[in-house]
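Notes to accompany the following structure.
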Amino acid sequence: MENTIDTSSPVAHMLLPEASPLSMITQFVGVTELEVRYHRPALYNDSDALSHRIPFNEIWSPGLHHITKFSTSDSILIKDKVLPPGSYSLLMIPGDTAWVMVFSSDTLYDLKQYDEKGDILRVSISGQKANFTKDLTFTFADLLPKSTILCMNWGTLSLRIPIFIKNDNKVKESFEAAFAKADKDNWQIYMHAANYCLESCTNFDKGLEWINKSIAIKENHANVWEKAELYAEKGDYKNAVTYGEKANELAKEHPDPVRQKHFDDDIAMWKQKPNRITK
């Protein structure tokens, strides 16, 4: 007799609780969107060891009976290997010390469907000991404009998977598109773009180009100070001092003791440093 599910039954449409509830985390790094969709099995005490729940040296899904999904909107580096944009089944091969992360292009619903021919990427990660975590948990940590760490914690195990983003061209295109739509007197948008270069420690010359456009629209202590900071990051401390002092003068129109001390301290520090100009 064929085993079928009666979809007309009220039970088929009920939202029923799961022992390993579904969870999802999304994180933007720059303009790249990363997402992990996974289920969260639990360990109830330190004696409920991972070795009782995980098949070491065999393919395994972090969601136990569910397949974990990882997606990225752009090409990224997992450790030192390229992962193209897309959605992947994230599997693992647990080891005593090193764990192998497996990114499969196959849309899997069960481990029985797994075929290593669908592997797009494999990378080895060392496991670390950490404080006990009852429920399997993925998080994004150590966020920077061009990198993050995907962390998995369960029991006393911690895995830290480094992710690096290379999307400078996409970021530039995003800003250029925003400039085209902005009002002609919008000095803030150019300052925002310059600040991205400053905080991501990248393409300081492009940052200076954008901050000069901001200043050309409306000069004020904020964008002139941003220009000073960009020169300082380039190692051009002579120009950093010049524009820092100019920003200090402009800021006197709206006195703020905290800001004044910040400006004075940084200018004094820059005066002590030799030039080491970089791009």
Side-chain angles (χ1 to χ4, degrees), residues 26-34 72-77 85 142-148 163-279:
T26 301
Q27 181 64 58
F28 277 88
V29 183
V31 293
T32 297
E33 183 178 8
L34 306 174
T72 173
S73 61
D74 298 296
S75 180
I76 60 176
L77 289 176
D142 297 346
L143 283 166
L144 293 171
K146 291 186 176 183
S147 66
T148 187
I163 297 175
F164 301 97
I165 313 292
K166 291 190 174 182
N167 57 15
D168 286 347
N169 288 337
K170 186 175 180 180
V171 169
K172 181 182 175 183
E173 290 169 4
S174 297
F175 280 128
E176 295 291 352
F179 299 155
K181 295 179 180 180
D183 294 336
K184 63 181 182 180
D185 58 349
N186 188 340
W187 59 270
Q188 294 97 331
I189 194 168
Y190 289 102
M191 181 174 166
H192 179 77
N195 191 61
Y196 174 83
C197 297
L198 181 65
E199 292 192 357
S200 63
C201 297
T202 186
N203 207 341
F204 297 129
D205 287 337
K206 177 58 70 174
L208 284 167
E209 176 187 324
W210 285 336
I211 203 63
N212 283 334
K213 289 183 178 181
S214 173
I215 292 170
I217 295 170
K218 182 180 179 180
E219 184 180 67
N220 53 61
H221 74 268
N223 51 24
V224 174
W225 181 256
E226 186 93 355
K227 185 171 182 177
E229 289 188 306
L230 282 162
Y231 272 122
E233 287 300 318
K234 278 174 60 73
D236 187 347
Y237 296 110
K238 183 178 179 181
N239 271 318
V241 169
T242 297
Y243 288 100
E245 290 178 338
K246 184 174 183 179
N248 228 347
E249 286 299 313
L250 291 169
K252 290 178 180 178
E253 296 177 12
H254 305 283
D256 181 329
V258 175
R259 181 186 62 217
Q260 183 71 50
K261 185 177 186 308
H262 169 61
F263 282 12
D264 289 342
D265 288 349
D266 278 7
I267 292 169
M269 176 181 64
W270 295 337
K271 286 180 176 179
Q272 301 301 314
K273 293 189 174 185
N275 273 18
R276 49 166 184 78
I277 301 175
T278 59
K279 293 293 184 183

Looking only at atom types and distance, does a side-chain atom of Asn275 sit under 3.5 Å from a main-chain N or O of Lys238, one as donor and one as acceptor?
yes

Any ion pair linking Asp74 and Lys166 (charged N to carboxylate O, less than 4.0 Å)?
no

Assess whether a salt bridge exists between Glu249 and Lys246, defined as any Lys/Arg side-chain N lying under 4.0 Å from an Asp/Glu carboxylate O.
no

State whether the number of non-hydrogen atoms from other residues, nucleotides or ligands found under 6.0 Å of Lys172 atom NZ is greater than 12.
no

Point-to-point distance, once rounded to the nearest 0.5 Å, from NE2 of His262 to CG of Asn248:
10.0 Å

Quick check against the 3.5 Å criterion: does Asn212 have a side-chain atom that pairs as donor or acceptor with the backbone of Leu208?
yes

d(Thr26 OG1, Leu34 CG) to nearest 0.5 Å is 9.0 Å

Whether Lys227 engages the ring of Tyr243 as a cation-pi pair (distance to the six-membered ring centre under 6.0 angstrom, angle to the ring normal within 45°) should be assessed.
yes

Can you name the closest pair of heavy atoms from Glu233 and Cys201 and give their distance?
OE1-SG, 4.5 Å

NZ/Lys170 to OG1/Thr32 distance, rounded to the nearest 0.5 angstrom?
5.5 Å

Can you confirm if the aromatic rings of Tyr196 and Trp210 lie within a centre distance of less than 6.0 Å?
no

Would you name the heavy atoms of Phe179 and Ala193 that are closest together and state the gap between them?
CZ-CB, 3.6 Å

Here the pair of heavy atoms bringing Tyr231 nearest to Ala240 is CB-N, 3.8 Å

Can you give me the closest heavy-atom contact between Glu229 and Leu198, atom names plus distance?
OE1-CD2, 3.6 Å

On a heavy-atom basis, the closest approach of Pro145 and Ser200 is CB-CB, 3.4 Å

Check: Ser214 side chain, Trp187 main-chain N or O, donor-acceptor pair, under 3.5 Å:
yes

